[in-house]
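Quick notes on the structure that follows.
The figures that follow rest on heavy atoms only: side chains count, while hydrogens, waters and symmetry mates do not. Bear in mind the structure is a predicted one, so any value in this text is a computation, not a measurement.
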There are 2 protein chains.
Amino acid sequence: MPTILIVDDEEDIRELIAVNLMREEDYKLIEAVTGLEALHFARSSKPDLIILDLMLPEMDGLTVYRNLREDPRTKTIPVIMLTARGRLEEKITGLELGADDYLSKPFSPKELMLRVRNLLRRTNPLQGSSVVEIGPFSLDKSALKLHLDGSSIELTATEFKLLLLMIESPGITQERGDLLKRVWGYNDLIQTRTLDTHIKRLREKLGNHGNSIETVRGVGYRFQEA
Amino acid sequence: MPTILIVDDEEDIRELIAVNLMREEDYKLIEAVTGLEALHFARSSKPDLIILDLMLPEMDGLTVYRNLREDPRTKTIPVIMLTARGRLEEKITGLELGADDYLSKPFSPKELMLRVRNLLRRTNPLQGSSVVEIGPFSLDKSALKLHLDGSSIELTATEFKLLLLMIESPGITQERGDLLKRVWGYNDLIQTRTLDTHIKRLREKLGNHGNSIETVRGVGYRFQEA
DNA sequence: ATGCGTTGTGACGGGATTGTCACGGGCTTG
DNA sequence: CAAGCCCGTGACAATCCCGTCACAACGCAT
């Protein structure tokens, strides 16, 4: 589970970010208010990502950033910086952003999530053993590829997530609601054909193994080697 | 029989929840109005699940939640939190949800039931063995399939529920009223041929084992290996 | 700006599932 | 034996649920 450190003195913003992060996946969140706290947590908890507001009391956000970059323990942690629109944007673009990114307030939750996922994926491509094998199926987490019958099949991020969830519990029916929650972050029971569509696309890509994804009518789907 | 603690100061809500819970299965319900009561019951009765409204008089729901999490006796009990739409949603997602869940008011009974079942199933693996075996009968709860005489028979959700109920208590006569209540949620004794029809369909699918479902005239049905 | 790959959405249709009803026959009681 | 009561059965219609498709929105790279 990726750990994310949020640094902002405004509680509203911290909450807003937390909401949108938790809606998507399971992250462990750490919150810091001041720059000193931020540096402390960054060093002790070694988060996978830092979201840093540049408007901080006492210690300026840019200073925090530079400190992070100088310390070998935190040097490689990607940072998303939050700035007020137009104000500090220029200064940031002047920096060598490297693996980092920035976002102008007010930002849309969607935008934020995209960047979070991008950065985490870019720097943290493999979590755990990166290959899952079940029968003739071989899922490569780092390449988002599926090896099957000697050929290599490319899957999109969503397709991969969906297939992985089912394939990790072979023979067990995953309920529609659970899948929607775990793949898409939908917490509410919404009426959508999204899941069906992706199942269809998956089955197509699986070719003659498509029937390994069984429909359990009224409940959900289930992976079972045919 | 799972025990559920409902914490809400509004009687309407408590009743709504109770009705919908009882409609589905047998739960033991405990109701609490204040946060202190909630903590008391949670510690003394050790419920399997707590449904907690966050809008409580005197002690805030979140405070109750934190207290629950701090006490080792109640630390592992899953909690479903109820919030007013939009109001406190953010604060909740900020918490480490763990095995918990939340629901925004107004909520649909369906949604609530889904979550209750999910949480109970997830944390109460007593249902773990998803296969029930009686003689030549083998019921796969996950796939809604029945294995019998080497062949696999597909059952619909209703058929499965009905057969499972009878097969779990072999030799015991299930009264019509009970079956109607537990499978269909009918609380009233209504005059319907629905039950008979489904029994017929089940017998058909059981083939030459169809007579394992015996009719107890004037009372109900009974599963008994022929 | 443009094009491409990915993703979500809504409409639509078909098939599976389910409840209801009418009817008939067997069982039970008197 | 006759009258009820109860159940089995088949047909039917309504509904639910899923698969499919075309399309729009979006991000991303060129």
Quiz item: A:Thr197 side chain: which of D:dG19, D:dT9, D:dT20 is closest?
Solution: D:dT20
If the threshold is 4.0 Å, N to carboxylate O, is there a salt bridge linking [X] and [Y]?
X        : Y        : answer
B:Arg201 : B:Asp196 : no
A:Lys205 : A:Glu159 : yes
A:Glu204 : A:Lys200 : yes
B:Lys181 : B:Asp178 : no
B:Asp48  : B:Lys28  : no

OP1, OP2 of [N] versus side-chain N and O of [X]: anything below 4.0 Å?
X        : N      : value
B:Thr156 : C:dA16 : no
B:Thr215 : D:dG8  : yes
A:His198 : C:dT7  : no

Quiz item: To the nearest 10 degrees, what angle separates the axes at the start and end of the helix from C:dA1-D:dT30 to C:dG30-D:dC1, five pairs each?
Solution: 20°
Could you tell me whether [X] contacts a base, only the sugar-phosphate backbone, or nothing, with contacts defined as non-hydrogen atoms closer than 4.0 Å?
X        : answer
B:Thr192 : sugar-phosphate
A:Thr194 : base
B:Arg201 : base

Output one line per pair: protein atom, nucleotide atom from nucleotides 26-29 of chain C, and distance, for all N/O pairs under 3.5 Å.
residue	atom	partner	partner atom	Å
C:dG26	N2	B:Arg217	NH2	2.5

Quiz item: Looking only at side chains, do B:Thr215 and B:Arg203 share a donor and an acceptor under 3.5 Å apart?
Solution: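 Side-chain D/A pair, B:Thr215 to B:Arg203: present.
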Quiz item: Can you find a donor-acceptor N/O pair under 3.5 angstrom joining the side chain of B:Arg193 to the base of C:dG19?
Solution: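 Check fails, no donor-acceptor contact within cut-off.
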Show me the donor-acceptor pairs within less than 3.5 Å that the side chains of residues 143-154 of chain A make with the rest of the protein, sequence neighbours left out.
residue	atom	partner	partner atom	Å
A:Asp149	OD2	A:His209	ND1	3.3
A:Ser151	OG	A:Leu148	O	3.0

